[in-house]
*Asks:* 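If you scroll down you'll find the structure; I have some questions about it.
If you read the sequence from its start, that first residue is 1, and numbering goes on from there. None of these values were measured; they are calculated from a predicted model.
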Amino acid sequence: MHRYRFLLFRPLQLLPVLLGISIITFAMVRAIPGDPARNLLGVRSTPAALARIRAQFGLDEPLWVQYGYFLRNLVQGELGKSIVYRIDTLKLINSRLEPTLWLVLGSVLLAVIFTVPLAALAARQRGRIADQLIRLFTTAGLGFPAFWLGIMMIIVFSVVLGWFPVSGYGSNFADQLHHMVLPCLTVALALSAVLIRNLRASLLMEMSSDYVMAARARGQRENRIFWRHVLPNSLVPTLNLLAVNIGWLIGSTVVIESVFAIPGLGQLLVKAIFSRDYMVVQGVVMVFALATVAVNLLADVLTVALDPRVKL
């Protein structure tokens, strides 16, 4: 019964978070210097043309009225009309969603592939050369900026070795997969550095637990204890850390898509900020916020499912 109540009320608790994000987003977008109408029409704009554009997009209304329009559109599942592209913002976002989705999912998949075996190796070889090398890798991963790492990837694997394309997204699935390897690898290296350190610490803590010592005393094999008991119990904190870092991961797509010229939501957001396209900026940020909230909700549900000790 408690679990059903949790699944019912937990999403409702996240609604104020989305409301707060909408207010902050609206305020910050309006704080961007410049006039969208003047930016759209250029230096030869006339007062009449400026007034017409502002009236068309409701920019001549008071800020509280503009926010009311924005909130009404959100409730109706709409995001307004792009000032620059002159099409519905939601359609524009849908057309750019696929590359960003592949970038996020591919980065998480690669990060998990790196994290589990490297953290397990570091924990089981604590203090030895393998542990030291993995800890050096995680320290370097935390210290390198994502844009610098992406540029180095392009220089080494694209320009020098010629293994992967320099930029773009590709025209078919195989080509898109080929184009997305370097961007996903760039994000995954930075993300896995955080996850490996966390999972290693969790594994070491679990390995010194009483139930592990009792299992050893009963003669159970070390591999069986580690993979069947220690690792599953250690994954919950790392899962929560991954959910917390989803916001960072989504934010890093803005940088990575610009470095690799991927036509996704991150690149769209950058262009919308420079062109003062309020509707697109608000729409993309709200989509990012909704994705982050949804992932954290999913992490809460998985935590409850994986660890019965967690109280709802």
*Asks:* Could you walk me through whether F260 and T186 pass side chain to side chain contact (heavy atoms under 4.5 Å, CB included), step by step?
*Replies:* CA-CA 11 Å; F260 289 93; T186 301; 3.8 Å; yes
*Asks:* Does any part of the side chain of L268, heavy atoms only, come nearer than 4.5 Å to the side chain of L265, both counted from C-beta?
*Replies:* yes
*Asks:* Do the non-hydrogen side-chain atoms of W163 and V181 ever get within less than 4.5 Å of each other?
*Replies:* no
*Asks:* Do you know which two heavy atoms are closest between T89 and V280, and how far apart they sit?
*Replies:* CG2-CA, 3.9 Å
*Asks:* Is the side chain of S158 donor-acceptor paired with the backbone N or O of P165 at a distance under 3.5 Å, no angle test?
*Replies:* yes
*Asks:* Please say yes or no: joined through hydrophobic side-chain contacts below 4.5 Å, possibly via intermediate residues, are L136 and L195 part of one cluster?
*Replies:* no
*Asks:* So for atom CE, which belongs to M205, do other residues, nucleotides or ligands contribute more than 12 heavy atoms lying within a distance under 6.0 Å?
*Replies:* no
*Asks:* Supply the atom-to-atom distance E98 CD to T100 OG1, rounded to the nearest 0.5 angstrom.
*Replies:* 10.0 Å
*Asks:* Between S192 and L189 (side chain of the first, backbone of the second, donor and acceptor by atom type, cut-off under 3.5 Å), is there such a pair?
*Replies:* yes
*Asks:* When rounded to the nearest 0.5 angstrom, what distance separates OG1 in T138 from CG in N198?
*Replies:* 11.5 Å
*Asks:* Could you tell me if the side chain of V259 sits less than 4.5 Å from the side chain of I154, heavy atoms only?
*Replies:* yes
*Asks:* To the nearest 0.5 Å, what is the distance between CG (L199) and OG1 (T115)?
*Replies:* 7.0 Å
*Asks:* Please report the closest heavy-atom contact between D175 and H179, naming both atoms and the distance.
*Replies:* O-ND1, 2.8 Å
*Asks:* Which pair of heavy atoms, one from L191 and one from A111, lies closest together, and at what distance?
*Replies:* CD2-CB, 3.8 Å
*Asks:* Ion pair present between R200 and D131, side-chain N to carboxylate O less than 4.0 angstrom?
*Replies:* yes
*Asks:* From C184 SG over to L110 CG, what is the distance, rounded to the nearest 0.5 angstrom?
*Replies:* 6.0 Å
*Asks:* L90 and L101: same hydrophobic cluster, using ILVMFWY side-chain contacts below 4.5 Å?
*Replies:* no
*Asks:* Quick one: do I273 and I24 end up in the same hydrophobic cluster if we chain Ile, Leu, Val, Met, Phe, Trp and Tyr together by side-chain heavy atoms under 4.5 Å apart?
*Replies:* no
*Asks:* List the atom of P99, the atom of I262, and the distance in Å for their closest heavy-atom pair.
*Replies:* CB-CG2, 3.6 Å
*Asks:* Is the closest side-chain heavy-atom distance between V284 and F288 below 4.5 Å?
*Replies:* yes
*Asks:* Under 4.5 Å between any side-chain heavy atoms of L103 and S107, yes or no?
*Replies:* yes
*Asks:* When rounded to the nearest 0.5 angstrom, what is the spacing between CZ in R197 and CD1 in I134?
*Replies:* 12.5 Å
*Asks:* Any chance you could measure M28, atom CE, to Q282, atom CD, to the nearest 0.5 Å?
*Replies:* 12.0 Å
*Asks:* Have a look at H178 and tell me which of F164, Y169, F157 forms a ring-ring contact (aromatic ring centres under 6.0 Å, His included) with it.
*Replies:* F164
*Asks:* When you measure from the side chain of E257 to the backbone N and O of G266, does any donor-acceptor pair fall under 3.5 Å?
*Replies:* yes
*Asks:* Find out if a path of hydrophobic residues (ILVMFWY) with successive side-chain heavy-atom gaps under 4.5 Å connects I151 to V255.
*Replies:* yes
*Asks:* Among the clusters formed by ILVMFWY side chains lying less than 4.5 Å apart, do F26 and I23 turn up in the same one?
*Replies:* yes
